[in-house]
Every structure is written in C-alpha cells, then in structure tokens.
Protein chains: 2
Amino acid sequence: MVTLMTASKSEVAYQLVSERINTGAYSPGYRLVLGTIAEELGCSVVPVREAIRRLEAEGLVHFTRNVGATVAQVDSTLYLHTMQTLMIIEPAATALAADAMDAAWLSKARALNEKMRQCLEDFDPVAFTRMNTEFHQLLYGQCPNPHILDLVQRGWRRLAAMRASSFTHIPYRARESVKEHDALLDLIEGHATPAQIEAACREHRAHTLNSYLKAAGMEPSAI
Amino acid sequence: MVTLMTASKSEVAYQLVSERINTGAYSPGYRLVLGTIAEELGCSVVPVREAIRRLEAEGLVHFTRNVGATVAQVDSTLYLHTMQTLMIIEPAATALAADAMDAAWLSKARALNEKMRQCLEDFDPVAFTRMNTEFHQLLYGQCPNPHILDLVQRGWRRLAAMRASSFTHIPYRARESVKEHDALLDLIEGHATPAQIEAACREHRAHTLNSYLKAAGMEPSAI
DNA sequence: GTACATCAAATCGTATACGATCAGTGTGCG
DNA sequence: CGCACACTGATCGTATACGATTTGATGTAC
C-alpha cells in the first residue's frame, strides 16, 4: 500500500495541539478532551493521548489522572519564572555561540536590528515581536551545547504561548531594546570575551524582566 | 471492586525503567523492548510505551520510530554538555535560594561538609559522592523558581545515571571541593549578594568541569 | 432549605488485535 | 564471487473495546 507516511499520527496530534496553544486558539484552562481531538484528527485516542503527555512534559498542559488535560494556566508568577529562567540560560547560550559569530553573521544581525528600528517608526508591534524573536534566535542559535540550546528554545516557546493566550500585555521597552541590541553587537564586533557577552546579554534580559516586575508592583529579580 | 490503585501502570513502568537506568542495570545502548518490559510488569504494552516516551523527553533513552528505544549512549561530549548546563543553572538556583539560608540552615550545611571531610580521611568515595550530592541539594534546594529547580534536579539525575553506567571515572578534586564548599558557606554567612554567591558557585563547578576537560585533553569551557 | 446518598454520563486507563515497518537472511542472477 | 531483491521474524503504531474513575445532577431525609 502507498502509505508515504511523513509523520506518525501522534506527531500530527502533537503539532496540532501545540500550534493551537501557541496561537491562542486553545486558551489557558481550555479542556483538552482526548476523544474530541481524536475525532477531529480522524484517528483513535491512543496517539492523541501520547501527544498530550508530551505536551505535559513540556509544561504546556496540565494533566490530572482520570480527569483529563487542560491548557496550563498562566499566572504572572509563571511568566516571571519563565522569564527568569530564560534570563539565566539565554545569555549563557549566546556567550557559548560567540565562536560562530563571524563578519557575515554580524552584518545579518545588524540588518535585522535595523529592520526592527524601522518597525518602531512604523509602529508595527506584531512585526517587531516577530523580529525580536528572530534576532534573539540568531544570537543563541549557534550554541554548540544542544541541551542549553533546547532549554532556550523551550523557554521562548513558552513565552510565545503565554503572550498568545491573551494575558496582560507587557510594557515593551522596544526602543531601549533596539539600542541594547546594537550595543551587544558592538561588543561582539570588538571581540569581547564570552563572559562579557553573557553579562551584557543578561543585563538586557534583566531590564525587560525588571520593567515587568516594576509594572506589576513587585521586587526586582535577585540576580 | 477494591482497586486502591496508588499509581497508574504507566507510572509504575516509568519508575521501574527509570530506576534501572539510574542504577546502571540497563546500561547505555541496552535495547528496551516494549513487549518484554510489559510482560515483566504483567501489563500490556500501552502503558510501557507511554513511560518510554516520557523517558525519551527527559533524554534518558533514545527512540527511533518503528525500531525501538535504547538507553541513551553516554559519550564524553554528552557528559560535558550536561556538566556545562549544570554549571550555568545550579549557581543561579543557589543564588536565588540565598534568601532561605538562615543560621539553622548554615549549621546544617557546615556539619554536612565536615562529614565530607571525614569521608576524605576515611577514604570512602561512595559516601563522599552521596554527601556531595546532598550538599549541593541543600544549596539549591530552596530555590523559589520551580522551573530552575526542576532543571537542576534533572541535571544531577542525568549525571548520576551516567556515573552509574560504568563510564570513565572522573578525577575527583575531593579535597579542593570541600575547601571550596567552606569558602562558599563563608560567603553566605557574610551575607554576600546573590550575584557573588552565583559567581563563587559557578567557579566551583567550573573547576570540576575544567579539570575533567584537561584530563581528557580538551580546551577549558568558554564560560 | 440544606446536606447527604445515589445514580448516570463523561472521560480516562488499559488490554487485545491487527496492520505497518524495519533489520537481517537467503537465494538467484550477473 | 558479489550484488540485488524478496522473504521472514521481530517490533512498533494504532484501532477498537471495555472496565475504572470522576464529576455533576437528582432525589430524599432531616
């Protein structure tokens, strides 16, 4: 039989649910019923079940035995914790990726940041967010340690899911961000040590986190 | 019917396989066959399958579609990557936990480190390793950020699994470790800032990592 | 009107069954 | 003699079926 199966059904289910959470189609608290999803996909519950458990392991859904799965609730604490985790790991990933940052890479990063600056002028926050994600991905993307890279990517993914699920909007610091990006690129261009890159990158993230904390009336992060 | 089920079968399967990997009963490369494990547990393959996928998500087993699962191979690269990840996260966790370190906590930590010093005299490396794990757990255990705490615990768990699976033994630095532990406790007692605690803790970890790298004839870690 | 027991519907958890896929082996042809 | 192909056994992937558990509703006693 001509199957030509590109992905297993559980993979398809995983992709589907995952994307719906990311886009906000399934908002936090939404009840994920195995049977319903299975019917929608035209398969049985078994692959769906597996997909849900994978999502649980990633922290995107909450699962209770004999009760079922719901899209994980996002309170400000969770947001804070994710941001804080990323504040620690992403700068380290970026520093470790420093070796792979050559002239070609640098000009690409500069160009992207310029486009972000343009978005700022055009007042296009959606594009700005997208490019910001892209920019950071460019920074940490060449990290040679796959564990760390994986952790960073998961962190960004969670943040994206949170933002999509309605949720309070974050005071953006867009203008400062662009400046800090340029400063970071200057540092890299000047062949700064990995430790310096890490410090600068962490400071950039700390600014964002602390401006959020301040807006929420909370103490700044200890580190 | 009186079921009184304390854990689901997939949970039991997870615990079983997980422990066997940790103790080294299943060594790296060992082929995990669903049917065999299911038979051993007296259940069907479905819960076993779920357990295996969970272990895959944690990186403990490697899974190939339509082929099966094997216990993840541990090469020196993997060990290095895990150590490096831990070198970044654990110090951060420790720094964040600083708030919870009061006088009672401190005396407990001191006592534990003294016991480690004693192990050194008695030349008892097994007990030393156990206490070293316990000591570090004491350091990061009060970290208020559950994500970070989880990451650190996973890291330690992976390292334990690697050590158990035979694998090359690491040059220990036991004596230096004990000294560095005391220095770290001095720092905490003197109410150092979280940033200082993080730096000291990272240096401690970097020493271990770099001594391993040196023994393996590799470059020291960039950060 | 409230509290508790009982029941039914929804949903999950697992067993069994069967089709799909892969690795290894043997056979035929060049 | 070597290579390619078909075949076989092992194992995985998923569908279906049924039992177990939870939850919410209904009814009854106080």
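Within every chain, numbering begins at 1; the chains are lettered A, B, ... in the order of the sequence lines, protein sequences first and strands thereafter. None of these values were measured; they are calculated from a predicted model.
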**Student:** Checking contacts here: which listed nucleotide (D:dT23, D:dT21, C:dA15) is nearest the side-chain heavy atoms of B:K9?
**Tutor:** C:dA15
**Student:** Just to be sure I understand the rule, does A:S10 reach a base, reach only the sugar-phosphate, or reach nothing, if contact means heavy atoms closer than 4.0 Å?
**Tutor:** sugar-phosphate
**Student:** Under the salt bridge (Lys or Arg N to Asp or Glu O under 4.0 Å) rule, what pairs show up with a residue in residues 207-223 of chain B, not counting sequence neighbours?
**Tutor:** none
**Student:** Under 4.0 Å, heavy atoms only, any strand: does A:I52 hit a base, just the sugar-phosphate, or nothing?
**Tutor:** nothing
**Student:** Quick check: closest heavy atoms across A:S221 and A:N210, and the distance to 0.1 Å?
**Tutor:** N-OD1, 3.0 Å
**Student:** Go through the structure and list residues passing side chain to side chain donor-acceptor pair (under 3.5 Å) with A:H147, not counting sequence neighbours.
**Tutor:** B:R158
**Student:** Would you kindly give the CD-to-C1' distance between A:E50 and D:dC12, to the nearest whole Å?
**Tutor:** 11 Å
**Student:** Can you tell me the distance, in whole Å, between the CD1 atom of A:I37 and the P atom of C:dT11?
**Tutor:** 11 Å
**Student:** Of the nucleotides D:dC12, D:dT22, C:dC12, which has the atom closest to the A:F63 side chain?
**Tutor:** C:dC12
**Student:** Sequence neighbours left out, what passes salt bridge (Lys or Arg N to Asp or Glu O under 4.0 Å) with A:E58? Give chain and number order.
**Tutor:** A:R157
**Student:** Which residues in residues 39-47 of chain A have at least one heavy atom lying under 4.0 Å from any atom of DNA chain C?
**Tutor:** none
**Student:** Between A:T82 and A:M162, what is the shortest heavy-atom contact and its length?
**Tutor:** OG1-CE, 3.3 Å
**Student:** For B:R130, check side chain to side chain donor-acceptor pair (under 3.5 Å) against everything at least two apart and list the hits.
**Tutor:** none
**Student:** Within this structure, what is the CZ-to-P distance between A:R65 and D:dT21, rounded to whole angstrom?
**Tutor:** 8 Å
**Student:** Sorted by first residue and then second, give each ring-ring contact (aromatic ring centres under 6.0 Å, His included) pair with at least one member in residues 29-61 of chain B; sequence neighbours left out.
**Tutor:** B:Y26-B:Y30
**Student:** Tell me: CG of A:L34 to C1' of D:dT14, nearest whole Å?
**Tutor:** 14 Å
**Student:** Sort and list the pairs that fulfil salt bridge (Lys or Arg N to Asp or Glu O under 4.0 Å) and have at least one residue in residues 18-27 of chain B, not counting sequence neighbours.
**Tutor:** B:R20-B:E40
**Student:** Could you list, one pair per line, each protein nitrogen or oxygen that sits under 3.5 Å from a nitrogen or oxygen of nucleotides 7-9 of chain D, together with the distance?
**Tutor:**
none

**Student:** Hey, which sits more toward the 5' end of DNA chain D by its nearest nucleotide, B:A69 or A:N66?
**Tutor:** B:A69
**Student:** Let me check the geometry of the helix from C:dG1-D:dC30 to C:dG30-D:dC1. What is the bend angle between the axes at its two ends, five pairs each, to 10°?
**Tutor:** 10°
**Student:** Kindly state each residue pair satisfying ring-ring contact (aromatic ring centres under 6.0 Å, His included) with at least one member in residues 50-78 of chain B, sequence neighbours excluded.
**Tutor:** none
**Student:** Can you list everything that forms a side chain to side chain donor-acceptor pair (under 3.5 Å) with B:E56? Sequence neighbours excluded, please.
**Tutor:** B:R53
**Student:** Would the distance check show the side chain of B:W105 and the main-chain N or O of B:L138 forming a donor-acceptor pair, the cut-off being under 3.5 Å?
**Tutor:** yes
**Student:** Side chain of A:V33 only, please: which of C:dG13, C:dT11, D:dT11 is the nearest?
**Tutor:** C:dT11
**Student:** Within this structure, what is the CD-to-P distance between B:E11 and C:dC12, rounded to whole angstrom?
**Tutor:** 18 Å
**Student:** Got a sec, which residues hit salt bridge (Lys or Arg N to Asp or Glu O under 4.0 Å) with A:E11, two or more places apart in sequence or on another chain?
**Tutor:** A:R54
**Student:** Could you tell me how far apart B:R49 (CZ) and D:dA15 (C1') are, to the nearest whole angstrom?
**Tutor:** 13 Å
